[in-house]
Structure formats: structure tokens, C-alpha cells
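Scope of the values below: all heavy atoms of this structure, side chains included, with no hydrogens, waters or symmetry mates. Residue indices begin at 1 and follow the sequence shown. Start at 1 and go down the list; that is how both ligands and their atoms are numbered.
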Amino acid sequence: MRVAIIGGTGVLDPGLLKDICEHVISTPYGDAAVKTGTYGEEEVAFIARHGWTHSIPPHKVNYRANISALKQIGVTRIIATSAVGSLNPDMKPGDCVVLDQFIDFTKARASTFFDGGDGGVVHTDFTEPYCKEIRACLIKAGQDLGIPTHVRGTYVATEGPRFETAAEIRMFRLLGGDVVGMTNVPECVLAREAGICYAAVAVVTNFAAGISSRPLSHQEVVEVMHENSERLRKIIARTIETLPARPGCDCPGIAQEATATPQEATAARSREA
Ligand code: HPA
């Protein structure tokens with residue numbers, strides 16, 4: 001098992017997979033519900049982030065159990081989908097955005113595997129939070145398929161489950177945010193800590209609070225995601241087909257470096273020099 005898809009709002013079924021099996025995987029953080037199946041030659045895992053009946057709100061998702069379960073079954077790459085509101089006039093409802101940065105405004109989530117104790121203190125590099133190799137495949141897939149795809153975008157992660165105020169959105173714009181959503185952090189963080197490559201394709205479902213001329217509703221978000229589900233499926237399928245067999249990115253190395261002892265770190269640096 002190498003690739004997993006984490007489907008966000010409106011992406012509840014793995015769609016492209018055949019021979020699907022359902023599993024409940026036990027982890028030190030709780031159980032995770034995972035489907036596995038095949039896409040062509042590839043074994044692919046699928047998690048519905050909000051549960052199979054969309055009953056788990058963003059602040060209650062067991063992000064650690066999900067990522068830990070994927071690690072256990074041997075997943076090395078995750079392609080995630082996210083519904084987002086747009087702060088950027090160029091990113092319109094229906095557009096795809098291949099995220100390249102995030103700004104974290106979540107407040108009350110278990111957001112790391114490294115909680116001290118026996119594991120010691122671990123600080124992981126997040127200069128480039130998303131896997132460059134999966135990002136490149138997502139961008140090429142979107143462009144080849146003629147889907148409006150933005151090659152970068154800064155994701156502002158909010159705690160939710162409420163939508164933002166107009167003043168919060170004005171602040172996020174000043175800070176350089178392009179899109180806003182409630183789930184990419186800590187999911188992206190935990191994947192990096194676990195040494196799993198992670199990238200996310202966001203679908204703009206609405207202009208954010210105060211930019212949109214009407215009040216925001218979850219119904220609107222779900223409807224736009226449904227309208228775009230076929231496109232998302234195609235982008236993900238093409239991405240899985242085009243991912244190089246062996247990862248050529250730095251993600252596993254960054255995770256290893258973070259947990260290395262000082263002796264291991266020195267040895268690794270002298271090998272690189
Ligand atoms: N804000 C936060 N999360 C979202 C939004 C939004 O406007 N749209 C879709 N997910």
C-alpha cells in the first residue's frame with residue numbers, strides 16, 4: 001500500500017477504487033475507519049475525514065488516529081482534498097488550488113505525535129509543508145485535464161466549526177492568506193511527522209465571509225463540492241498514475257532529521273557534504 005486519499009467534505013466515496021474492503025484500524029490514538037481497494041495496479045487506501053456519514057466536525061476529527069493508521073498499513077503518500085473559502089479574487093468557486101503554504105489559526109487540537117516524554121523534544125522543519133513531488137503531479141494533472149488549477153495557495157486553517165467573521169477574513173488577507181478551511185492543519189503536520197508525503201488539492205466552494213455578498217452555509221459548500229467531484233476524481237486518478245515509483249522528495253528525510261540523535265544528525269550531514 002503506497003498511496004492514500006483523504007477525502008474531505010463532499011468526497012465521501014473512493015469512487016475510482018475497485019475491490020473495496022473496509023477496515024477499522026486500532027492505533028495508540030484510537031480507531032480509524034479505512035477503506036482499501038485497487039486503482040489499476042495500485043493498492044490505494046481511502047479515509048473519509050468527516051466519517052462515512054459526514055458526522056465528524058473539523059475540530060473532532062481524530063487526525064492522529066487517521067495518520068497513524070495509514071502509517072501502519074504502509075502508506076507513503078497522501079493526496080488530500082479540502083473544501084475552502086476564497087480570500088483571493090483570482091481564486092473563484094469551482095477552481096482547484098494546489099496548496100503550497102499554510103498559516104495555522106487552530107486552537108484546541110492534538111496537533112503532534114511528539115508530546116515529549118520518552119520520545120524527547122522534536123521540532124520538525126515546515127519551511128515547505130506540502131510534498132513538492134505530489135504537488136507537481138497534481139498541478140500537471142489539473143492543467144492536462146483543462147481544469148482551472150492554481151499552482152500555489154496559502155491555506156489559513158481555522159478552528160471552526162463556525163465560519164469566520166468578516167474582520168477575521170480581512171486580517172487573513174492582510175497576512176497573505178489565499179483560502180480558508182478547517183482541516184488541513186494538523187493533518188498535513190502529522191503526515192510530515194510520520195514521514196509520509198502529503199499534498200492537498202483544495203476546491204474553492206465560496207468567497208469567504210464579508211467577500212461573499214450572502215451569508216455562508218454548509219449546504220452551499222456541499223453543493224459546490226458535489227458539482228466538482230468528477231473533476232476531483234479525475235485529478236486524483238491522473239496524479240496516482242503519474243507519481244514516480246520512488247519518491248524523489250525530501251519529506252521522509254525531513255522527518256528522520258527531526259528525530260535523529262545529535263550523533264546521527266552529524267553523521268548524516270557529513271555524508272551529504
Ligand atoms: N471558511 C472555512 N472553511 C470553509 C469555507 C469557509 O469559507 N468554505 C469551505 N470550507
Quiz prompt | Results of side chain to side chain donor-acceptor pair (under 3.5 Å) for Tyr198 - residues two or more places apart only | solution = Asn184, Glu187
Quiz item: Cluster partners of Met171, using ILVMFWY side-chain heavy atoms under 4.5 angstrom, listed by chain and number?
Solution: Leu87, Ile103, Phe105, Val156, Ile169, Phe172, Leu175, Val180, Phe207, Ile211
Practice problem: Evaluate salt bridge (Lys or Arg N to Asp or Glu O under 4.0 Å) for Arg64 paired with Asp115, printing each intermediate quantity in order. | Solution: CA-CA 12 Å; Arg64 291 198 296 187; Asp115 259 338; 3.4 Å; yes
Self-check item: Whether Phe46 and Trp52 hold their rings parallel, tilted or perpendicular, with breakpoints at 30° and 60°
Solution: parallel
Quiz item: Under a single-linkage rule joining Ile, Leu, Val, Met, Phe, Trp and Tyr whose side-chain heavy atoms are separated by less than 4.5 Å, which residues share a cluster with Met182?
Solution: Phe163, Leu216, Val221
Quiz item: Is the shortest side-chain N to carboxylate O distance from Arg152 to Asp178 below 4.0 Å?
Solution: yes
May I have a table of the N/O to N/O pairs between ligand 1 and the protein that fall below 3.5 Å, each row giving the two atom names and the distance to 0.1 Å?
from, atom 1, to, atom 2, distance (Å)
ligand 1, 1 (N), Glu164, OE1, 2.8
ligand 1, 1 (N), Glu164, OE2, 3.3
ligand 1, 7 (O), Asn206, ND2, 3.0
ligand 1, 8 (N), Gly85, N, 3.2
ligand 1, 8 (N), Asn206, OD1, 2.7
ligand 1, 10 (N), Ala83, O, 3.3

